[in-house]
Amino acid sequence: MKIQTISFLQSATSLKDCPKSDLPEFAFIGRSNVGKSSLINCLTNQRGLARVSKSPGRTREINFFSLNDQWTLVDLPGYGFAKVSRKRQENFNEFVSDYLLNRPNLRGVLLLLDSRHPPQNIDLEFVAWLVESQLPFVLVFTKIDKSKARVVEKHRALFLQEMKAFSEGEPVTFLTSSTTGQGRGEIHTFVRRALEAGGA
Ligand SMILES: Nc1nc2c(ncn2[C@@H]2O[C@H](COP(=O)(O)OP(=O)(O)O)[C@@H](O)[C@H]2O)c(=O)[nH]1
Ligand SMILES: [Mg+2]
């Protein structure tokens with residue numbers, strides 16, 4: 001998929017602030033520092049589109065970007081950051097789950113996982129919630145340039161193994177690096193096929 005035009009639509013802090021657009025949406029989510037902003041910039045070829053952060057957990061709004069006036073990339077707040085009080089985390093989770101459960105044009109969730117680490121409980125809890133909520137999702141392992149290929153593969157396999165406890169099917173997985181651009185084409189193809197399948 002060639003990205004011809006890209007524009008920032010708006011930020012939202014509640015479902016009612018979300019754009020009125022009914023274009024198909026793909027939402028990116030993962031814990032802070034997973035490499036979400038970097039991946040969004042890599043996929044869109046825009047260095048400064050999503051702010052790459054050295055101090056994670058600052059953004060709590062949902063950001064909407066229109067691509068080729070064809071689909072909307074949704075940048076969801078990272079979950080599980082330490083610097084935010086429990087109360088605020090609960091509010092934040094409510095907003096994200098409200099969006100995920102009630103947005104009619106949401107076509108898919110891309111859940112980002114840091115390929116350097118074995119399965120983390122917070123990620124497994126979130127993916128279990130996605131399964132339980134019957135939301136369509138794929139797994140995107142990030143930062144694969146940072147580890148040996150066999151370590152990345154081990155972490156991917158372990159995650160899928162852990163998922164068997166609560167999920168029957170096996171999700172589609174992608175291995176990506178925003179530094180080398182690996183996996184970029186595969187994610188574009190995934191979005192393009194999903195748009196075609198949906199008749200968009
Ligand atoms: N080596 C490497 N570093 C990455 C990659 N993606 C992100 N990073 C680094 O990881 C840190 C967090 O990235 P960021 O995109 O801000 O993560 P976010 O909090 O999930 O949006 C930054 O220092 C990035 O430069 C990657 O694919 N490879
Ligand atoms: Mg970020």
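In listed order, ligands and their atoms are each counted from 1.
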Does ligand 1 come near enough to [X] that some N or O of the ligand is less than 3.5 Å from an N or O of the residue?
{"X": "V34", "result": "yes"}
{"X": "K146", "result": "no"}
{"X": "T176", "result": "no"}
{"X": "T142", "result": "no"}
{"X": "G35", "result": "yes"}
{"X": "S32", "result": "no"}

Exercise. With no hydrogens and no angle check, do the side chains of N105 and R103 hold a donor and an acceptor under 3.5 Å apart?
Worked result: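 A pair is found: one side chain offers a donor N or O, the other an acceptor, under 3.5 Å apart.
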
For this session: Verify the distance criterion only: is there a donor paired with an acceptor across the side chains of N63 and S11 at less than 3.5 Å?
Result: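 Side chains of N63 and S11: pair found under 3.5 Å.
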
For this session: Heavy-atom distances under 4.0 Å are what count here, so tell me which part of D145 touches ligand 1: side chain, backbone, both or neither.
Result: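 The side chain, only.
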
Exercise. Salt bridge or not for R150 and E153, using N-O below 4.0 Å?
Worked result: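 No, no charged N to carboxylate O under 4.0 Å.
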
Problem set entry | Where W129 and S97 come nearest, the two heavy atoms and their spacing |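 The answer is CZ2-CB, 3.6 Å.
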
For this session: Work out which heavy atom in C18 is nearest to a heavy atom in Q10; give both atom names and the distance.
Result: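 Looking at all heavy atoms of both residues, the closest pair is C-NE2, 3.8 Å.
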
Exercise. Is there a donor-acceptor contact under 3.5 Å from the side chain of S133 to the main chain of L135?
Worked result: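 No; zero donor-acceptor contacts below 3.5 Å.
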
For this session: Return yes if some donor-acceptor pair links the side-chain N/O of K146 with the main-chain N/O of D114 below 3.5 Å, else return no.
Result: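 Pair absent, no side-chain N/O of K146 close to backbone of D114.
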
Exercise. For ligand 1, which atoms have a heavy atom of S38 less than 4.0 angstrom away?
Worked result: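 Those of ligand 1 that fall under 4.0 Å from S38 are 6 (N), 7 (C), 13 (O), 14 (P), 15 (O), 24 (C).
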
Problem set entry | For S177, the ligand 1 atoms whose distance to one of its heavy atoms is below 4.0 Å |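 Answer, ordered by atom number: 27 (O).
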
For this session: Output yes if N33 passes the N/O/S-under-2.8 Å test against the Mg ion (ligand 2); output no otherwise.
Result: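 N33 does not place any N, O or S atom closer than 2.8 Å to the Mg ion (ligand 2).
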
